[in-house]
Structures are given as structure tokens and as C-alpha cells.
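Taking it in order: structure first as C-alpha cells, then the write-up.
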Amino acid sequence: MDWRRVIADRVDTLPGSGVRRIFDLATRMRDPVNLSIGQPDFPVPEAIKRGAIEAISGNDNGYSNTLGVPALRTRVAQWLGADLGWDDVAIDGVGAGSRRVIITSGTSGAIYLAFMAMLAPGDEVILPDPYFVAYPPMALLCGAKPVYCDTYPDFRMTAERVEKLITPRTKAVLFNTPSNPGGVVASSRECRDMLDLCRARGIVLISDEIYDEFTYPAFRTERTSREVDGAFRARCPSPARTGDDSRDVLLIRGFGKTYGVTGWRLGYAAGPRDLIEAMAKMQQFTFVCPPTPLQAGVACAYDVDMDPVVLAYQKRRDMVVSRLREVTEVPEPGGAFYAFAKVPERLGLSATAFVERCVEREVLVVPGGAFSSRDTHIRLSYAVREDKLERGLSVLCELLRG
């Protein structure tokens, strides 16, 4: 068989994942300090595990509705009402709401469905640079053109930086807060300005907030619209937290990072009814539906307090920033569990070359070229035990000093 003839050209347009390459390398090493993968290292909360186990034992193992299990969509809609003031989210046609919810196979699944529903060949979508590794390939698979918004050196995607990139072919802006790879949290003003720009230009604003629950307290500058658990809790800023003006926002959130169920592949999208229904049509013929019993598990997530875990990660964040700033530049992450550190120019090394030196010392990080048009930074994940993190930081600081 001539496989070069058989395999479609679109495969050749996609870059290999730099993160996955490092992950595969780790499997061949004896005891590496693996700071490459965003895999939470805390156990899944018992309530969530019990919810999934009971669903499996109760034989709830068949297909769910394409939009997702109604009980989970109801919990999501209730949370969006409390958190954002979204009181117009309809469930299964009940209510006259202008917005709907779809449960998806991870947040990546939600973004891919949104791109398939919106982007035709030749359309453009504006992405941050640096970006989450899956953003550009998903646009390319739709025949669309990724347009990159340079956010160096502070990694803030602002309306001022985006506006100059808009053309008549621009369909959407993908906004990520807290961000991967930098952990940067957008300010309330930046969220407001981005929404105003997109509304004025008739562009869909997609807000990828997979790490919204993993925002550190100092960066939670806004509050829920009404009491949750007896208090108006501080929350992460969001373009979706802007009253009626947020009706055109497509909000994407998930469960994997916050609750440690990354392998369950569960996220959701919420937003304008017409767009969610178009995404549901795409889901029918691709993912079909997310895993049914696991949806029952994450329906219990809103009863779990993850703040102790987030505070423990904040301690690791502080360790990373304190150590790395002795030898290089690194913005303070306001959320997620990554730091994006510059490889000092005085070393005369690209990030890829620097990572090769790290590998020789059995420390695994990801070169910035996996997330960017530039290969000047490294991403490290501090979702590891503190003793391993300390060991890895010692090697990194030594190498960064040169």
C-alpha cells in the first residue's frame, strides 16, 4: 500500500504536539522530574467518583442526549445563573431562554465543535500567541486561517492588540483566561474591552475558561451575581460576567483540570441558542455524546470545595516565581498551574536547545515553540509533588544561570 497516496493532505498541515513528544520521552526515562504535562496530581474528590460508580452500577451506561445528560445540564445552568447571572439558559426546550448548554468531550471538544459550526474555508479566527497547542490545528482542520495576536512580553490579549488584526473574514476571537501556557488572568477591564470590540465588529467572542476555578484569590476581582453557599464569592473576571452584553459570548468551561478528571474528557459550552444548536448537530456526527456515567459523576462537582487544593497550588506557584525570577523573566501566573519563563538571551540558546540540556539532567519542560511562533520561552507545569518541583527548579535555575 502506498500510504503517502492514501493519507489526506490535511494531516501534513498539522504540526506534531511538542507537549506530547515530551510526554512520550518521559515514559522512556527512569525517574525524570516531569514538569511538562498539565495533569493535576491530586486525587479525584470522593463525591465525584461515587457519582460515576453509582451510575455505572445502576446500568446508566447507554447513550445520553446529544446535548448531554439533563441532570448535568441543569446543574450547569443553575451554576451559570448564580455565578454570572445567566437566568435565560433553557434546558430541553423548557423556558424561553436565549441561551443553551451542551456537554462536550472536554473543552477541546467544545472548541472544535464551535469551530466546525462557525468556520468555513478561508474564514479567520484570531488566537493569542502564545496559545494552547490545539487551537491552530483545530482551525486548520476546518480550512480556516489562524491569525495570531502577539501578546509578548506580558502575554495579555487586549482589544488594542486584537483590533488591528480584524478583517472582513474574521469570524471569531478566542480568548483564554486564565491562560495556557502563561497562567495569565485577564483583568475585568480587558474582558469588557474585548467584548465591546467583538460586539461592535459583529465577531463571536469565545471565552475559554477551563481554569476558571483554578484562579488564585488575589486575581479573583469580581463576585458571583448572587449568593452561593451563603456568600457572594470572589470569582475570576470573565467577558461572560457583563450582564446583557454577554449574550453573544460563547463560554467554554470544563471539569478535568479543576477536579482531576482529565481522562474523563468532560467540558461544556454555553451561549447563544442558534450556535449551541449548530454545535449539537456537529456533535451528532462526531463525538455523538460525552461518556454518560461520567457525566453523572461531574454533576456532583458543584458540591465540592476545591479552594484548599487551589491554595496548595498557589504555594507552589510562589515557589516557582520566587526561584525563577532570580535568573530570568517570568510573569506571575494568576491561575492554572503553569509558568512561562524566558530563556535568557545571554545563553545564546533557543528554547528547544535549552530543553535538550534539561533532558540531559532528567528534567522535562516544554519549549515555547510548541505554543508560539517564537522559541524563546519554556513552559513548566507545577502540578507535581513539592519535592520533585524543588529538584526540578534547582536544575532549571542552574541551567538558566549558565
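Position 1 is the first residue of the sequence, and the numbers go up from there.
Shortest non-hydrogen contact noted between P40 and G256 is CG-O, 4.2 Å. In plain terms, the two heavy atoms of D129 and S372 that are nearest each other are OD1-OG, 2.6 Å.
A salt bridge is defined here as a Lys NZ or Arg NE, NH1 or NH2 lying under 4.0 Å from an Asp or Glu carboxylate O, and K257 with E213 fails to meet this definition. For E360 and R357, the salt-bridge test fails: no basic side-chain N is under 4.0 Å from an acidic carboxylate O.
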Name the atoms and distances for all side-chain donor-acceptor pairs under 3.5 Å in residues 105-122, with sequence neighbours left out.
none

- Could you please spell out the steps behind the ring pair (Phe, Tyr, Trp, His ring centres under 6.0 Å) verdict for F371 and Y131? CA-CA 5 Å; F371 309 96; Y131 43 76; 7.6 Å; no

- Task: Step by step, work out the ring pair (Phe, Tyr, Trp, His ring centres under 6.0 Å) result for Y382 and Y338.
- Result: CA-CA 6 Å; Y382 46 92; Y338 310 107; 7.6 Å; no

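In this model, a donor atom of one side chain and an acceptor atom of the other lie less than 3.5 Å apart for S246 and W86. Using modelled atom types and a 3.5 Å distance limit, the side chains of S207 and E209 yield a donor-acceptor pair. With 3.5 Å as the limit, one finds no donor-acceptor pair spanning the side chains of Q283 and T104.
F155 pairs in a side-chain contact (heavy atoms from CB on, under 4.5 Å) with only one of the listed residues (P128, P181, P130, P333), which is P130. Considering D375, L399, V359 in turn, L399 is the only one that fulfils the side-chain contact (heavy atoms from CB on, under 4.5 Å) rule with F354. The only member of D83, D307, D212 that meets salt bridge (charged side-chain N to carboxylate O under 4.0 Å, His left out) when paired with R220 is D307. Checked against V298 for a side-chain contact (heavy atoms from CB on, under 4.5 Å), the options F255, Y259, Y268 give a single hit: F255.
Checked against a 6.0 Å centroid threshold, the rings of Y135 and F132 count as neighbours.
Rounded to the nearest 0.5 angstrom, L400 CG and E329 CD are separated by 11.5 Å.
The ring pair (Phe, Tyr, Trp, His ring centres under 6.0 Å) test applied to Y302 returns W79, not counting sequence neighbours.
When atom types are taken as modelled, the side chain of R75 and the backbone of A299 share a donor-acceptor pair closer than 3.5 angstrom. Judged by distance alone, the side chain of D123 and the main-chain N or O of A144 form no donor-acceptor pair under 3.5 Å.
Residue R325 qualifies as enclosed at atom CZ: its count of foreign heavy atoms under 6.0 Å is above 12. More than 12 heavy atoms of other residues, nucleotides or ligands lie within 6.0 Å of CZ in R374, so this atom counts as buried by the packing criterion.
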